[in-house]
Structure formats: C-alpha cells, structure tokens
Amino acid sequence: MNKRIVVLPGDGIGPEVVDAALSVLAAVARRYGHAFDVRPSEIGGAAVRRSGTSLPQSTLDACLGADAVLLGAVGEPAYDSAPREQRPEYALLTLRKALGVFANLRPAKVWPALESAGPLKQERVAGTDLCFVRELTGGLYYGEPRSIDHRAGEAVNTLRYSRAEIQRVAEIAFSVARRRRCLVTSVDKANVLETSQLWRAVVGEVAPRYQGVRLEHMYVDACAMAITLDPRRFDVVLTENSFGDILSDEAGAVVGSLGLLPSASVGHGIGLYEPVHGSAPTMAGKDVANPIGAILSVALMLRLSFGLMTEANTVESAVGEALDAGARTRDLVAGEAEPHLTCSAMARRIVHAIEAAAPVSRG
Ligand code: IPM
Ligand code: MN
C-alpha cells in the first residue's frame, strides 16, 4: 500500500513525539511491505517564525492533497498574546475546518499494566475502556460573532449549533458504539443552554436508526464527576466541542497520563491524527515526553484511514507488551528517582515489539 502522509510536528514536544511515531510507522512499513510517503510541513510557532503565519498556504495545500495528516502539537507561550491569526492554536482550528473533520474520536482505556500508575484507585479505574466522540468544527470555538474589547472590558463568544452539525456527529457516535458495547452517553447542559436542548432532541432523533444501541443523556457537570468516580460505566461519550475538550483531558487522569491518549479526527475523507496532549513547552527538547499518544494515533490512522486492521492491532499490541514488560516514561512513574525511559527509548521498545511480533495472518 502506498499512502501519502503529511506530518506536522508543530511546537513544544510535538517534534519529539512525531519522530517516535514515525519510527513506529517505518517499522510497520518494513514488516508488512508498505510504502508510506511521509512529507513534513510546518505549522504553529515554527511556521510563524519562518513565514509570519501559523498555517502557511503551502501547509494547508499539502494537507488537502494527503491521504492522512499526523500532527504533533501546537502552542507556544511566546504567542499567547499575539493576534488570533498568528496564534498556533488558530492554525489547528483552521486546519480542522478546512479538512472538514467534524468528529474527533478519543479512545481512553486503562492498560492492565497501568491500573495503579495514575492518581485514582486501581479498583475504580481497572477495565475502563471508553471513547469520546467530540464535535470538532462547531460550537464556541468557531461561533460568530466573537470579539474582545480590552478597553471596554468586554468579550464575546457565540455557542451555535445547527441540526445538521449535531446529526452527523451523532451518527458517527452511534456507528462507533455499534462496534463497541452499544451505549452512547450524550453529554450536554440542557438544563441551562438552548444549544444543548437542540443537541438532546437531535441525538434522540438519530438514536432509533441504530437498533441495539442504547442512548442515555447526562449533564456535563455530572459527567465530569462520573468519569472519575465510575469511568467503567461509559462506552461512547458524545458531546460538543468545548465539553469534549475538557472531559477528554480529565480522562487522562483516569488512564494514568494524558500522554497516553491518541485521537482521530474524521469527516469527509482525509483524517487528522494527533495525540490529545498539547505542546507541553516546559518538557520540550528534553526527550522526556510520552510518545504513546502519538504512536496510538498512528495506529488509528492505519485502521481508520487505510483500513489496515492487522497493522493497527500490531501497533496497539506492541504498546501493551512494552508496558507489560515494565517500560515507563517519566509521566508514568511516581518520581524522578524511579527507573524510566526517554521518549526515544520508549519508541525503540515499541519498535522492537513490532519487529518481534509473531507473523499474523490477514483477516
Ligand atoms: C485539543 C487541544 C486543542 C483544542 C487546542 C490546542 C486548540 O486542546 O486538541 O484538545 O482545544 O481543541
Ligand atoms: Mn484539549
């Protein structure tokens, strides 16, 4: 299989975790005889420094001509007060919109080897396996009008959703649930927000078309608590853009580290794959980041964009094996003094596990 993958390392720890993920992709290509045409491109702070804009036209064109896009992270404190168009985050939002990736899948499972690695009690989190389906190209992030007037001390954002936007992301959530444990929890704030009332109604209309999948509704505040108290009760969590942003970080604490979480953004064709963690500027350049979120994002790319199920399963099993064998990055150990691996060493462990994996029959 020959696929063109545009790679956007971006800011902070983005380049390190992307390097790690690409070493895993190369191992998959060697093992299964694929040719992946990997093309790096600039986004975020690095792009601003070179061309004055966080999403150069050449980057956007490259992404629109790709089979899939792999992104590290965007965000640099130096641009926190820059005009919106120069902010690294703006590049990512523009890219998501341009690719039309309206559904963001964020699977969060607790690996057996890591049941006690996180801050929460093992007996609460063991066995957790949920998947957020976050609406990604609407809501507060994009709503107009928006403005800030520092002199008047007033700012505006707009939360707007249309029936069509809710319907298409709900359909993704139900199809994902059908391949899992057949439960969709739709999360909103329908006791206060009109957008949530529409959300609830439209999701309720989509549900009957997916026989066998159960739908429940939950308020976002209650959901935030339930994710820490009883994460195993969730299968697919469907929610709007900003609620999904917040709740998926919370799931990082449940699985043991935000650095473990991958994501896949899908819509009309070209998929965008990125770890859930951000640029983590204070960790950048030290080879201490956890590459597993980026590596698992590559697994999602193999499965969802290329239909390479065996290859995707091999990557995920290799991650599990490395963790079972005790491989840990800095974020997964209690203190600096405990033995742990660098970002690149963790990637090598996973590559070895792929190379050593028993040949699997296709199917
Ligand atoms: C995420 C990130 C982004 C978001 C930022 C970097 C714009 O936090 O993917 O969760 O809020 O969507
Ligand atoms: Mn986020």
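Whatever order the structure lists ligands and atoms in, that order sets their numbers, starting from 1. Starting from 1, each residue takes its place in the sequence as its number.
- A salt bridge links Glu171 with Arg209: at least one charged nitrogen is closer than 4.0 Å to a carboxylate oxygen.
- Within the hydrophobic cluster formed by Ile, Leu, Val, Met, Phe, Trp and Tyr side chains joined at under 4.5 Å, directly or through other members, Leu95 is accompanied by Val6, Leu8, Ile43, Leu55, Leu60, Leu64, Val69, Leu71, Val74, Leu92, Leu99, Val101, Leu136, Ile270, Leu272.
- Glu311 and Thr314 form no side-chain donor-acceptor contact under 3.5 Å, judged by distance and modelled atom types alone.
- Here CG of Asn290 is found 9.5 Å from CG of Leu258. Values are rounded to the nearest 0.5 Å.
- In this structure, Arg30 CZ and Leu25 CG are separated by 10.0 Å, a value rounded to the nearest 0.5 Å.
- Within 4.0 Å of ligand 1, protein heavy atoms belong to Glu89, Arg96, Arg106, Arg134, Tyr141, Asp245, listed by chain and number.
- The Mn ion (ligand 2) has Asp245 OD1 as protein N, O or S atoms under 2.8 Å away.
- Side-chain N/O atoms of Asp245 and Tyr141 include a donor and acceptor closer than 3.5 Å.
- Taking the six-membered ring wherever Trp is involved, the centroid distance between the rings of Phe102 and His268 falls below 6.0 Å.
- Atoms CE and CD, from Met225 and Glu250 in turn, are 10.5 Å apart once rounded to the nearest 0.5 Å.
- Under the salt bridge (Lys or Arg N to Asp or Glu O under 4.0 Å) criterion, Glu194 pairs with no residue at all, not counting sequence neighbours.
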